[in-house]
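Counting from 1, the numbers follow the sequence of the chain as shown. Indexing begins at 1, ligand by ligand and atom by atom, following the structure's order.
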Amino acid sequence: MPQTPEQLAADWDRSHISHIFPSDVRHADLKKYLDELKKIGVKVDEVGESFGGREIYQVEWGRGPLKVFMWSQMHGDEPTATSALIDMFAFLQNNRSLDWVKRIEKAVTIRAVPMLNPDGSELFQRRSIQGIDINRDAVNLATPEARLLKRLRAEWQPAIGFNLHNQNSLTSVGRARKQATISFLVVYGDAAKTSSPGHERSMRLASAMTQALQKFIPGHIARYADEWSPTAFGDNFSAWGTPAILIETGGHYGKDEMFLIRLNFVAYLTAFNALATGSEANQDPNVYRMLPENGSGILVDFVFRNAMIASRGGQAGGTVDISAVTQRRRAGFPKPVVILSVGSLGGRRGLEEYDASGFYVVQRFSSVKAEELAEFSFYKRSRSIDWSAADLETRFPPDAIFSFGRWIKGAGVVPRK
Ligand SMILES: [Zn+2]
């Protein structure tokens, strides 16, 4: 029997060799992971070089007739899948004695390029070091990374492609107040959305992965809009004959990046299981088709409702709602939180919401307005404060302080809604 999703998750728990958060993985760390893979006998080849002179590698495993090509981190600040690929190869190689792994080994050959954009990864930025979005460079081919990706596909002619990314952690499932933790897109090969057997199979695989992941993140799976992007790699892979599945990993409130690696690991092995057993043929493509589309403009990280803003120069105005969003940074770095709106929330909802009625709020270094940092002091309204006082926080210690997305003083004083 193939593994259940729960068993696959337990397999990851037991076996994963990635032990640092993906956003903290540098090119040097990737090389260490690849050395570990080489030591256990996995084929790893240097296949090219980035514009900045960093090596790009391809990993290969399996000896079956069905060719599957995967690539990750063509956007440098989208790291989850790189670690998930490493863990997948380590697991497959170390468990070849298991019947279900043997079956995958005989059915498929997997090639994967983890971290296609090592320069962008080093800078933790989306674009390449040339300032080019590699995923929009499939036609111009102005970057060595895009030329390499195109060549690896053309030389090998894989039957299926996996294009692995991260999306904004505030992407929602449709209009719901739910993060899209995983979003799929089975990419058409033309603007007319012409179906093909490969495209149909990829839809069934996306259905299999969706069903597996629903066990861990029910209701947190969505689908990307499938409009044709003429310069994007996924679309062109499909056009060139390798129907591509886009997997976008988002966020999941209260869970860290390792949880997201685990979801990816379960998804990939579910797909390979389905291909190896042939069970993909029985999947209902409508599971994928019926997923709600990705939504934006719904979720923010923080909302403070009914706050009365006090300004340093003088007295407070009326009460307002404030929303704020966390900036994307590596796991090891403090993440600044920036004010998105003051006043109407415009329908936005917070992953964390606080009821600030009964409090004054002061921006600790400047003023409460959009684009300033959400560095807030809270004072009970019953207190008498001289807002013009120099060194306000010393003369009038706040009841609570919110800084870098955490309560550094008075946790729980401002009630969570
Ligand atoms: Zn991306």
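Among heteroatoms of the N, O or S kind in Glu78, OE1 lies nearest the Zn ion (ligand 1). The atom name of the N/O/S atom in His75 closest to the Zn ion (ligand 1) is ND1. Shortest distance from the Zn ion (ligand 1) to His165 is reached at ND1 (N/O/S atoms only).
Classification of the Phe378-Phe376 ring pair by plane angle, with boundaries at 30° and 60°, yields perpendicular.
For Phe304 and Phe402, the ring centers sit closer than 6.0 Å to each other.
The closest side-chain heavy-atom distance from Glu49 to Ile56 is not below 4.5 Å.
Not counting sequence neighbours, the partners of Arg262 by the salt bridge (charged side-chain N to carboxylate O under 4.0 Å, His left out) test are Asp13.
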